[in-house]
Amino acid sequence: MTPCLTCFTTPMPLPSPPDFQLLFEQSPGLYLVAIPDADFTLVAVSDAYLRATLTTREGILGRPFFEVFPDNPADPNATGVRNLRASLERAVATRAPDTMAVQKYDIRRPEAEGGGFEERYWSPINTPVLSPEGEVLYLLHRVEDVTDFVRLSRRREEERDRTEALQCRNLEMEVELLRRGQELQSANEALREAVRVRDESLVLASQARAQAERQREWLHSLFMQAPTAIAIFRGPGYVIELANPQVCRLWGRRPEDVLGKPLFQALPEAAGQGFEVCLDGVLTTGVPFVGMEMPARLARLEGGAIEDVYFNFVYEPMRGAQGQVEAVIAFALDVTEMVRARRREEALAAEKVRVAEERLRLATEAMELGIWDMDPATGALEWDERLRVLFGLPAGAPVDYPTFLSRVHPEDRLQVDRLVWESLAPGSTGAFAMEFRTLPVENQQERWVSSQGQVHRDASGRPIRFLGTALDITGRKCAAQELARNAAILEAILQSIPDALYVGDATGIRLANTPALEMLGFESLEALNQHVTLLGERLQNRSAEDGHRLTLEEEPFMRAFHGRPTIQEVLARHLLTGKDLVVRCAAAPVRMGEDIVGAVAVNTDITERKRAEAELRQAAEFRERFIGIVSHDLRNPLNAILLSVNAMMRSDCAVQHHLKAVRRIAISAERMGRMIGDLLDFTRGRLGGGIPISPRPANLLAICRQVVEELEVGNPQRQLRLSMVGSFQGEWDPDRLAQLLGNLGKNALDYSPEGIPVDFVLRDEGDAVCVEVRNGGPPIPADLLPLIFEPFRRATDGRHPTCGLGLGLFIVQQIARSHGGRVEVRSTEAEGTTFTVLLPRSAEGVTEGVRGFV
């Protein structure tokens with residue numbers, strides 16, 4: 001129904017909530033509160049729990065649960081810590097109460113009482129306390145001490161062996177206890193309703209309902225584990241046939257002091273307090289008796305002192321086989337602390353109201369909340385100062401609903417008004433929540449407000465009060481707009497990248513630019529956003545190296561998702577055209593702190609580049625094979641020329657004046673033969689897997705001497721020096737080593753002045769030998785040193801007067817590698833140029849394809 005503007009209803013003030021911490025600490029129940037961290041740190045405890053566990057509040061708060069309550073080190077079978085931790089973890093995981101079976105959990109006795117551990121048994125329930133968002137804030141650990149009950153159960157087992165009749169009677173009593181417990185639970189429900197009606201204020205009513213609910217929960221748990229105070233009185237003399245540990249604790253007696261004795265002999269101080277009349281009525285009429293907060297005076301303190309206590313109890317008739325009442329079953333609950341607490345709370349009610357109001361004021365100031373209160377009948381509004389400033393109204397100015405609407409931005413005004421009336425409408429939940437803008441104040445920008453409210457109704461459903469809060473969220477809205485703008489800029493940058501880029505995790509692709517959709521063959525991001533396993537099945541990527549189908553773990557994206565940045569060439573098939581593509585995929589993990597939350601991949605189409613590289617490679621191989629074929633075929637006519645020239649030079653018929661021309665032909669043919677040999681070695685080194693060798697036992701010193709002698713014959717004007725230290729026997733190809741040393745020696749002679757000697761130095765280095773060929777003169781330019789061993793390269797800029805094709809040093813390197821060795825060069829102005837060859841003595845490391853190659 002809509003608000004009536006013609007009548008005015010004065011709302012009743014609501015009482016303030018009670019001090020729940022004080023209620024909790026003085027609750028008669030055994031409660032402990034922990035936070036759900038790794039150690040379950042203790043943050044609150046009731047007084048009853050401290051008394052039951054022989055601890056102090058200062059000694060346990062702020063400490064880990066199981067540091068305060070460890071297992072009994074003297075009990076090798078103790079499982080209390082393990083079972084309780086598992087229950088707490090289940091409560092956190094399921095966000096639901098976890099009820100445990102009776103646990104043996106010994107309690108550490110204070111040093112003042114002798115130290116050590118005291119045997120105890122408990123009935124625990126662990127309940128999570130959730131936030132409005134469903135997160136676990138606290139764990140409420142509630143227990144009941146059932147030690148006496150367990151001990152009594154043990155004694156029952158012993159007594160059961162003595163007499164079969166007693167066993168049958170105990171079984172009947174247990175069945176009857178179950179039935180009577182259910183009836184007692186119903187009676188307590190009625191008790192809770194009676195207490196709720198009796199309370200005059202909302203605070204006391206809320207406390208009574210909470211206490212009644214706790215009693216109901218306690219009774220349910222205690223009844224299942226039989227921890228409720230239960231006693232059976234048989235016959236007219238009310239002989240105590242059964243008294244569980246709870247009732248013995250209420251009486252302040254031990255079981256052996258009361259069992260088998262008449263009630264008023266075991267508890268003489270209880271006589272004359274009206275209990276006889278109640279018991280007689282139940283025994284004679286069979287009608288149960290329920291007592292609520294019944295006062296009693298019992299001597300349950302040390303020294304026999306009388307104590308005033310209060311009980312809630314039920315006397316139920318226990319009938320025999322013929323239906324006659326033979327005994328009375330008593331179910332009792334000590335409510336002494338509850339009665340005393342309620343009386344203390346009534347005395348302190350006014351102080352609590354004042355404290356609660358002050359807390360509310362401080363809370364709203366800390367949260368920067370504005371508070372509003374609307375009378376639905378008149379439309380009158382009450383605003384605090386913070387709300388007036390937010391809407392631009394002066395202090396003290398009257399405010400009503402039309403004034404409020406006038407200060408709302410025109411674009412949001414109709415929606416605000418509609419939601420307000422919907423909240424006030426009959427049958428609605430009465431909740432109001434909206435974000436809207438205010439009308440800008442002069443020289444200020446418009447502001448955003450988040451307002452929430454709740455309608456309160458009377459018994460007939462008529463709205464009597466509309467309360468709510470308002471919060472300035474302008475900063476948050478500006479930040480959201482800035483975030484949206486940055487997201488748009490990021491999207492524009494992403495789409496401007498020419499390569500295919502996509503981001504996601506194992507469950508799917510969350511972000512992809514247009515080139516990525518085009519390269520992978522998808523029409524939209526929604527089609528691409530599927531589980532990576534399904535995506536891999538559709539794309540069927542293969543390795544660009546050997547063509548095998550990539551498994552899910554071999555995919556670059558999944559490698560990155562597992563923390564391994566990857567750059568890999570992949571063969572992919574376009575889903576729309578079916579065309580094979582060669583893609584260079586670079587993938588890296590996306591981290592948030594130490595955690596990997598996804599992966600990002602950049603794919604580059606290198607199909608055309610690969611095709612061009614293949615064509616260039618084929619052209620180079622053709623050129624090199626062509627050189628090898630031509631060089632090989634030129635040897636036959638060249639050998640014929642050399643044979644003919646040598647025959648002419650040895651013939652007696654040769655004309656003397658023709659011998660000079662014949663020698664020139666022979667020298668040119670020999671040089672051409674060397675060039676053809678170099679071309680063949682080059683072709684074998686590039687296309688045949690290396691220069692072929694035939695290793696056999698040889699002496700490197702002898703080979704080096706032979707090379708030096710041959711170079712001296714061809715260069716009589718130059719000085720060549722040979723020095724050595726050690727032994728130089730090994731397994732090599734002598735002809736190839738002679739070719740290596742000859743090329744290095746000829747190179748040294750060609751690139752050094754005539755007056756400077758060339759040195760051959762041999763060194764024994766154990767399992768290897770070293771040969772150095774040194775020459776003086778200008779050094780090799782620094783920019784040529786890294787390229788000196790490449791084919792068709794020279795050690796100068798090309799103006800040096802040398803012969804050959806520039807393959808000598810390349811062949812030197814290939815021969816050294818074929819022997820499992822290496823060759824290095826260093827060249828400086830001060831030291832000249834030195835080529836160093838390191839050769840292993842054994843040919844075991846030589847590749848089989850090179851050894852003996854023909």
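At distances below 3.5 Å, at least one donor-acceptor pair connects side-chain atoms of T284 with backbone N or O atoms of D280. Judged by distance alone, with hydrogens and angles left aside, the side-chain atoms of Y31 form no donor-acceptor pair with the main-chain N or O of V143 at under 3.5 Å. Using modelled atom types, one side-chain atom of D334 and one backbone atom of T336 make a donor-acceptor pair closer than 3.5 Å. Put simply, the side chain of N83 gets close to the backbone of T79: a donor and an acceptor are under 3.5 Å apart. For the pair R95 (side chain) and G134 (backbone), a donor-acceptor distance under 3.5 Å is present. No side-chain donor-acceptor contact under 3.5 Å links E25 to the backbone of S46.
Summarising the geometry, atom OG1 belonging to T147 is positioned 5.5 Å from atom CZ belonging to R120; distances are rounded to the nearest 0.5 Å. Expressed to the nearest 0.5 Å, how far CD of E67 lies from CD1 of I60 amounts to 12.0 Å.
Under the salt bridge (charged side-chain N to carboxylate O under 4.0 Å, His left out) criterion, E594 pairs with no residue at all, not counting sequence neighbours. R51 pairs by the side-chain contact (heavy atoms from CB on, under 4.5 Å) definition with D47, A48, not counting sequence neighbours.
Surrounding OH of Y138 are at most 12 heavy atoms belonging to other residues, nucleotides or ligands under 6.0 Å away.
Between the side chains of R340 and Q26, no donor-acceptor pair is found at a separation under 3.5 Å.
Using a 4.0 Å cut-off between charged nitrogen and carboxylate oxygen, D458 and R462 count as a salt-bridge pair.
The list of side chain to side chain donor-acceptor pair (under 3.5 Å) pairs with a residue in residues 270-279, not counting sequence neighbours, is empty.
Closest of all the heavy-atom pairs between A52 and L30 is CB-CD2, 3.4 Å.
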